[in-house]
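Because the structure is a prediction, the values reported are computed rather than measured. Note on naming: letters A, B, ... go to the chains in the order of the sequence lines (proteins, then strands), and numbering restarts at 1 for each one.
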Amino acid sequence: MVEQRVFKVFVEVFDIPTDEDKSKLHYNEHPKWDSLAHMALVAGLETEFDCMLDMDEILDMSSFEIAVKTMENHVD
Amino acid sequence: MSIKSEPHAGNLCNLQDRVAVVTGSSRGIGFEIARVLASQGCNIVLNGVSNESAIEAAAETLRQDYGVDVLCCFGDVSDASVTADMAKAVFKKFKRLDVLVNNAGILDDGLLGMMTQDQINRTLDINVKGPINTMQAFSRLLARSPSGSIINISSIIGREGNRGQVVYGASKAAVIGATYSAAKELAAQNIRVNSIAPGYIKTDMISAVPEDTHQERLDSIAMKRIGQAEDVARTALFLASDLSLYVTGQVIGVDGGMLI
C-alpha cells in the first residue's frame with residue numbers, strides 16, 4: 001500500500017509512465033530525477049503522507065526503494 | 001469603457017486563517033510585526049531565545065486582543081535542529097504556513113582590529129545562518145500555501161555600510177543576497193521572498209546610542225523623525241498580504257529617506 005502511494009507520487013512528479021521500472025529510479029541516474037525534481041518529490045511525498053520529513057531523510061532518499069522505506073516510518 | 005472593480009484594500013490585507021512565523025518576536029520590531037499580522041486575523045508563531053515569560057506574555061496579548069491562535073517556539077534559529085523542530089511543531093499544530101518573517105538578529109558593533117572571533121561568529125550565526133536555517137526548514141511547508149511569503153529583515157547598514165559595523169553590515173548584506181537567491185529558487189513554488197531594510201528605528205537595540213550620535217542620525221533622516229516599529233510592521237503586512245502577490249526579490253527601505 002505504501003509502495004503504491006509512493007509510486008503514485010513518483011509518477012506524478014516525474015511524469016513517468018505507470019509501468020516504469022522501479023529498480024531504475026535512482027537519484028541523479030534517472031533522467032527525470034535531478035536536485036530540483038528531488039525537492040518536488042519530497043513536497044509531493046509530504047503532501048501524500050501528510051508529514052514533514054527530516055533533513056537526513058531527504059538527503060538519504062536516493063532510490064525508490066529507500067523512499068518506500070522512509071515513508072513506511074510516516075504511516076500512522 | 002467598463003470600470004473594473006477593485007477589491008477593498010482591507011480585503012487584500014485580510015490574513016484570516018493564515019499562519020505566520022516571526023522569529024525574534026518577544027519585543028521590538030518582531031513583536032510589532034506579529035501584532036500587525038495578528039490584527040488582520042493571522043495566527044502567529046512567536047519565537048525567542050531567552051525570556052520565555054516575555055514570549056508567553058506576548059502570546060497572551062495577541063490571543064486576547066485579536067482572538068488568534070498563537071504558538072510559542074523557543075530556541076536559537078542559528079541552530080538547524082531548532083528550526084527543524086519548529087517546522088515540525090508548526091506542521092503539527094496548524095498543518096500550514098503562509099508567512100515567514102526572519103527578524104531575529106543582533107547588533108554588536110566593533111571597529112576593525114577590535115572585534116573578537118566570538119563577536120564575529122555570533123553575529124554571522126544569528127543574522128545569516130538563522131534566516132537560511134528557517135528558509136530551509138519552512139520552505140516546503142510554505143510551498144503548500146496558495147500565497148507563501150518570506151520576509152527577511154535586513155538593514156540600511158547592509159546596503160550602505162557604516163563605521164564600526166563591518167560585521168553587522170556584512171551580515172545584513174548577506175541577508176539581501178540570500179533573499180535574491182531564494183526569490184529565484186522559490187518563485188516556481190509561488191513563494192515570494194523579499195527583504196525590508198529598516199533605517200533608524202526606535203527599539204531597545206538603539207537605547208544605548210549616545211545623545212550626540214542619536215541627534216546626528218536624526219539629522220540624516222529626510223523625514224526628520226525616528227522610525228517606529230509599526231512603520232516596519234506595516235511594510236511587512238504589505239509583503240505578507242495579497243497586496244504584493246506579484247512582488248518578489250525586492251528590498252524595501254523603511255528609513256524615512258535616511259542618508260548614511
For A/Glu48, look at atom CD and say whether over 12 heavy atoms of other residues, nucleotides or ligands are found less than 6.0 Å away.
-> yes

Interchain contact, B/Ala188 with chain A, by part (heavy-atom threshold 4.5 Å) = neither

Taking atom CD of B/Gln16 as the centre, report whether more than 12 heavy atoms of other residues, nucleotides or ligands fall under 6.0 Å from it.
-> yes

Quick one: CE on A/Met39 to CG on B/Leu186, what's the gap to the nearest 0.5 Å?
-> 9.5 Å

Would you mind checking which part of B/Ala87 comes under 4.5 Å of any heavy atom in chain A, side chain (CB onward), backbone (N, CA, C, O), both or neither?
-> both

Does atom CD of B/Glu185 have more than 12 heavy-atom neighbours from other groups under 6.0 Å away?
-> no

Is the number of heavy atoms from other residues, nucleotides or ligands under 6.0 Å of B/Arg27 CZ greater than 12?
-> no

If you round to the nearest 0.5 Å, how far is NZ of B/Lys95 from CG of A/Asp50?
-> 3.5 Å

Just give me the residue among B/Gln136, B/Lys88, B/Arg144 that pairs up with chain A most often, heavy atom to heavy atom, under 4.5 Å.
-> B/Arg144

So, does B/Arg140 use its side chain to make a donor-acceptor pair with the main chain of A/Leu53 at under 3.5 Å?
-> yes

B/Lys184, NZ: over 12 other non-hydrogen atoms inside 6.0 angstrom = no

